[in-house]
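One structure is given here, and the rest of the page talks about it.
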Amino acid sequence: MIRILLPFLSLILSFHSVLAQEDLLSLIDEEETTELVTASFKTNRIINLASLENTAKGVMDFKINHRFGFLNSGPGQAFGLDNATIRLGLDYGLSDRLMIGIGRSSFEKTIDGYAKLKLLRQSTGKRTMPFSVLLHASTAIRTIPFQNPDRENFFSSRLFHTGQIIIGRKFSEGLTLQIAPTLVHFNLVPTAEDKHDIYSVAGGGRVKLTKRLALNAEYIYVFPDQLAPGYRNSVAIGFDIETGGHVFQLHFTNSTSMIEKGFIAETTGDFFAGDIHFGFNVSRVFTIKSYNKKAK
Amino acid sequence: MKQQIINTLSILCIFSMSLNAQKYFTKEGTISFYSETPVENIEATNYKAVSIFDVESGAIEWSALIKAFSFEKALMQEHFNENYMESSKYPKAKFKGVIQNIADVDFTKDGTYALKVSGSLEIHGVSQNIENEATFVIFEGAIRGVSNIQVKVRDYDIDIPSVVADKIAETVDIKITADYQEFKK
């Protein structure tokens, strides 16, 4: 009896021991970790709008943004290429959650500064967070002379404030969407009929076409009866092209300004009538402080 | 008949021994890699690699989360995960193999033991059979495993576009260190 069983027994046992060796790692319980979702956008702007990505901690991002004239300005103006407004900016990541930035726009000689804070960060694993929530606040200072110098003018009349709550999610490698209820405040408005507070909702997203190329689009819906006639909602569509340390954003938009108060509340171009600016943002990052080197 | 029963029992014994054979493991293995080119040097380290080996059979396994590699520059880390390793698609690098001369190692005696390791290394979803040298340093009961591997980026279908080809080495040096602890179930 044993004689018959022996080969089977040893076969079963040896099979068993082979199995036991097959999966040594499964013996170790791996602690589940929380993984933050990264790279929802290539850079901290979708096009004009602030994206849900911040500049990384210790990294400085130098921005060179251009908007040429309207495409429909005709061949005499080289279809807008003869005119350009520019914003030069510097962004810096103070921490994993907080970034700040400053910039100067040639349009109305405006200086702006902003801060963006990640309140909630989309994550998977141990602690799952389905979306990211950010607070974004910016202030712009218009430095051109006051239109009416005879009146008593205050410094505060030069200021414009914008507050935004950005809620977004990277749905997949290929798709990221965000929505941002926004308030723009004008300290001084041209006429008594103009509103000081402009409420809007900004939507934006990207579709990643290849590893280094993405299609971005954004639209800002300003609630009705707030803007003076002639102002329109801002729309923009373009591509992100990433090459190592640079991100090139090439796009078409009806907004001339590259700061919130301008593109949200002062867009005059009619996109579908050809009032379209070709524009680009160039982003170049520099690592100022390295935190990761000695991670242990 | 009696003899056969003894035989059976002794075989049973051996197998049950090998089933419960002593194992050593770590959850804090270190894996560093270095890519050196005249243009740019890139290095990254993962301090949370998991490894386990079996004293009896010599079976050894490693596993490392790609996202746990930390770089000097945040952008390098993003590109490493997004563009090269595609870590959301292939979250882990794994090694499964055998220390062929495990029998030569006397775990009770201090010393340095040269090992021959062979097995299958999986990176970026591609498995390659490799053979490599490694060392166990045993000192007062503590076991440290050390190995250096050279990996050809192309062997693992990692796509490097020509614009950055001069910044990323074709062969990457990988250094592995593990301080093993006894595994108790």
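Remember, it's a predicted structure, so these values are computed and weren't measured experimentally.
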### Query
Could you walk me through whether A/Thr287 and B/Met76 pass the side-chain contact (heavy atoms from CB on, under 4.5 Å) check?
CA-CA 10 Å; A/Thr287 303; B/Met76 282 180 178; over 6 Å; no
### Query
Are there more than 12 heavy atoms of other residues, nucleotides or ligands under 6.0 Å from atom CZ of B/Arg154?
no
### Option that, when pairs with chain A are counted at under 4.5 Å, heavy atom only, ranks first among B/Lys167, B/Lys94, B/Glu86
B/Glu86
### Query
If we only count heavy atoms from C-beta on, is the A/Leu27 to B/Ile52 side-chain gap below 4.5 Å?
yes
### Task
Using a cut-off of under 4.5 Å on heavy-atom pairs, state which of B/Lys48, B/His79, B/Lys89 scores highest against chain A.
B/His79
#### Entry: Stepwise side-chain contact (heavy atoms from CB on, under 4.5 Å) test for A/Leu24 and B/Phe25
CA-CA 10 Å; A/Leu24 282 176; B/Phe25 83 111; over 6 Å; no
### Query
Looking at A/Ile28 and B/Lys27, what are the two nearest heavy atoms and their distance?
CG2-CE, 3.4 Å
### Query
Side chain, backbone, both or neither: which part of A/Thr210 has a non-hydrogen atom closer than 4.5 Å to chain B?
neither
### Query
If you measure from CD on B/Glu82 to CZ on A/Arg212, what distance do you get to the nearest 0.5 Å?
10.0 Å
### Query
Do A/Thr33 and B/Lys67 have side-chain heavy atoms sitting under 4.5 Å apart?
no
### Query
Would you find more than 12 non-hydrogen atoms of other residues, nucleotides or ligands less than 6.0 Å from B/Arg144 atom CZ?
no
### Message
Would you compute the distance between atom CD of A/Glu242 and atom CG of B/Asn83 and round it to the nearest 0.5 angstrom?
### Response
5.0 Å
### Message
Does any backbone or side-chain atom of B/Phe69 lie under 4.5 Å from a heavy atom of chain A? Answer side chain, backbone, both or neither.
### Response
neither
### Message
Looking at chain A, which one of B/Asp159, B/Leu75, B/Val164 has the largest number of heavy-atom pairs inside 4.5 Å, strictly under?
### Response
B/Leu75
### Summary
If one checks every heavy atom of B/Ser63 against chain A at 4.5 Å, the contacting part turns out to be both
### Summary
From the list B/Ser88, B/Ala68, B/Ser51, B/Ala44, the residue making the most non-hydrogen contacts under 4.5 Å with chain A is B/Ser88
### Message
Would you say CG of A/Leu81 has more than 12 non-hydrogen atoms from neighbouring residues, nucleotides or ligands within 6.0 angstrom?
### Response
yes
### Candidate pair B/Val50 and A/Leu25, rule side-chain contact (heavy atoms from CB on, under 4.5 Å), full reasoning
CA-CA 8 Å; B/Val50 179; A/Leu25 277 174; 3.7 Å; yes
### Query
Can you tell me if CD on B/Gln100 sees more than 12 non-hydrogen neighbours from other groups inside 6.0 Å?
yes
### Message
Counting only heavy atoms not in B/Glu170 (residues, nucleotides, ligands), do more than 12 fall under 6.0 Å from its CD?
### Response
no
